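Note that the structure is a prediction, hence the values are computed from the model and not measured. Both backbone and side-chain heavy atoms feed into the values below; hydrogens, waters and symmetry mates do not.
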Amino acid sequence: MDIVQQYMLDSCRAAQHGEAPPPPPGAHDRDVLRTIRRRIRAWAAVHRPPLP
C-alpha cells in the first residue's frame, strides 16, 4: 500500500468516526526539513574543530 492509498483509507475512517481528516501527504515536509537543518547547524556550532 502506498502513501496515497493509506491517506485515502485514513480519511475514510476519520469520516466514518466523525473526526477531522488527516493532513495530506507532504503537508509538513518543509517544516521537518527546516528543523533538521537547524539541528545540524546547532550541532556543528557546538562541535567545531579546535583552532590550530
Do you reckon Val32 sits in the same ILVMFWY cluster as Ile3, going by side-chain contacts under 4.5 Å, direct or chained?
->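 No; Ile3 is not reachable from Val32 via cluster members.
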Run the side-chain donor-acceptor check on residues 22-30: report pairs under 3.5 Å with partners two or more places apart or on a different chain.
none

Ring pair (Phe, Tyr, Trp, His ring centres under 6.0 Å) with His47: which residues, sequence neighbours excluded?
->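 For His47 the ring pair (Phe, Tyr, Trp, His ring centres under 6.0 Å) partners, ignoring immediate neighbours, are Trp43.
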For residues 5-19, which residue pairs qualify under side chain to side chain donor-acceptor pair (under 3.5 Å), counting only residues two or more places apart or in two chains?
->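 Residue pairs with at least one partner in residues 5-19: Gln6-Asp10.
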